[in-house]
Amino acid sequence: MEPGNGGDKAQPLGTVACVLTGASRGLGRSLALALCSRVRGPGSCFLLLARSAEGLAGVAGELRAACPGLEVRCEAVDLGTEEGLRRAERSARELPQGQERLLLIHNAGSLGDLSKTFVGFTNPTEVNNYLAFNVTSAMCLTSAVLGTFTKRTALRRVVVNISSLCALKPYKSFSLYCSGKAARDMMFQVLAAEEPDVRVLNYAPGSLDTDMFQQVCTDSVDPEVRHHFQNMKDSGTVLDCKVSAEKLVNLLLVDSFQSGAHIDFYDA
Ligand code: NDP
């Protein structure tokens with residue numbers, strides 16, 4: 001359990017409205033816990049989004065225990081569907097306002113089918129479904145949240161896209177994943193250019209010991225990729241999510257990144 005923050009003590013992030021996708025497990029859970037130890041509980045509110053109601057409830061319980069006074073709301077939604085996206089947007093619109101900081105963190109993501117290479121993707125519905133979750137939902141949720149938490153002098157608005165080295169570098173069997181991550185990075189660079197008062201960060205969190213990482217080791221059709229990922233795991237170079245989450249929180253606290261930048265865990 002991460003340290004509690006003692007409720008009414010001044011905390012470096014102040015009061016925060018935080019919308020976090022993929023909050024039920026993996027990096028999302030660690031991010032929620034790392035953030036909540038830096039926010040002032042009373043007046044702050046976290047909205048946790050993912051499909052698993054049970055996973056979200058578990059993380060919400062941990063947050064409430066670690067951060068007295070923090071309001072935690074959960075919405076179990078599939079962000080790959082229009083209905084799920086609309087429910088997420090509605091929940092964001094219903095959040096209480098008046099905080100010092102808005103933090104929107106797009107952490108949810110998926111790898112797509114790794115058992116195929118590029119030329120195996122012949123079904124447009126499969127590709128569109130992948131992009132609906134990994135690209136479209138991030139764009140529309142951002143627009144809804146920024147349209148709700150509108151520009152105000154006392155409000156610092158921050159949007160984080162959880163990116164990857166795969167946004168910059170091709171990997172065999174990752175045609176969907178690399179394309180989605182590259183599209184998201186550029187999308188958020190455009191947001192940074194258009195909205196100078198919004199702080200935008202593309203954060204590549206490094207190799208993390210999560211379900212997603214394990215999926216690459218078992219499912220990639222490419223033996224080189226499978227072995228490369230498995231070797232990282234066996235040699236202990238895969239990061240604990242907590243370590244990467246702390247680095248992101250530190251980047252947000254120092255707040256010196258150029259808006260729209262792509263910052264990798266290993267370079268930060
Ligand atoms: P996990 O697969 O462990 O977790 C993914 C999260 O996204 C879960 O909370 C999951 O919850 C949620 N999610 C998945 N599908 C949907 C959906 N359709 N709608 C709503 N939520 C969904 O991934 P990681 O924690 O490893 O990854 C987190 C982020 O970090 C991702 O963006 C990933 O691309 C990125 N990243 C990860 C790396 C790694 O090595 N693991 C390396 C570089 C980047 P639920 O199942 O409850 O819906």
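Read the numbers this way: they start at 1 and go in the same order the structure lists the ligands and their atoms. Position 1 is the first residue of the sequence, and the numbers go up from there.
- For atom 41 (N) of ligand 1, the closest non-hydrogen atom of the protein is Thr210 OG1, 3.1 Å.
- Ligand 1 places these atoms under 4.0 Å from at least one heavy atom of Asp211: 3 (O).
- Between Leu79 and ligand 1, at least one N/O pair is under 3.5 Å apart.
- By the 4.0 Å heavy-atom criterion, Cys241 is excluded from the residues contacting ligand 1.
- Salt-bridge annotation for Glu75 and Arg73: absent, with no side-chain N of the basic residue lying under 4.0 Å from a carboxylate O of the acidic one.
- In terms of polar-atom proximity, Arg184 is not counted as a contact of ligand 1, lacking any N or O under 3.5 Å from an N or O of the ligand.
- We find that Arg87 and Glu83 are joined by a salt bridge, their nearest charged nitrogen and carboxylate oxygen being less than 4.0 Å apart.
- With hydrogens and angles ignored, the 3.5 Å screen pairs no side-chain donor or acceptor of Asp209 with any backbone N or O of Leu239.
- Sorted pairs that involve residues 44-54 and meet side chain to side chain donor-acceptor pair (under 3.5 Å), not counting sequence neighbours, are lacking altogether.
- Every atom of ligand 1 is numbered from 1 in the order shown, and the set under 4.0 Å from a heavy atom of Asp78 is 17 (C), 18 (N), 19 (N).
- Remark: distances from the non-hydrogen atoms of Gly84 to ligand 1 are all 4.0 Å or more.
- Under 4.0 Å from ligand 1, the heavy atoms of Val77 that appear belong solely to its backbone.
- Counting only heavy atoms from C-beta outward, the side chains of Gln214 and Lys233 approach each other to under 4.5 Å.
- Contact analysis leaves Thr81 out of contact with ligand 1, as no non-hydrogen atom separation drops below 4.0 angstrom.
- The ligand atoms of ligand 1 that sit less than 4.0 angstrom from a heavy atom of Gly206 are 38 (C), 40 (O), 42 (C), 43 (C).
- At least one donor-acceptor pair under 3.5 Å links the side chain of Glu100 to the backbone N or O of Thr15.
- Considering backbone and side-chain atoms alike, Phe133 places every N or O at 3.5 Å or more from each N or O of ligand 1.
- Taking the six-membered ring where tryptophan is involved, the planes of Phe229 and Phe213 are tilted, since the angle between them lies from 30° to 60°.
- The shortest heavy-atom distance from Pro205 to ligand 1 is under 4.0 Å.
- Distances from ligand 1 to the non-hydrogen atoms of Ser207 include at least one value under 4.0 Å.
- A heavy-atom separation below 4.0 Å is found between Lys181 and ligand 1.
- Atom 23 (O) of ligand 1 has as its closest protein heavy atom Met212 CB, 3.6 Å.
- Counting only residues at least two apart or in different chains, salt bridge (Lys or Arg N to Asp or Glu O under 4.0 Å) contacts with residues 124-138 comprise Lys116-Glu126.
- Here's the thing with Ser164: none of its N/O atoms is less than 3.5 angstrom from an N/O atom of ligand 1.
- The shortest N/O to N/O separation between Gly26 and ligand 1 does not fall below 3.5 Å.
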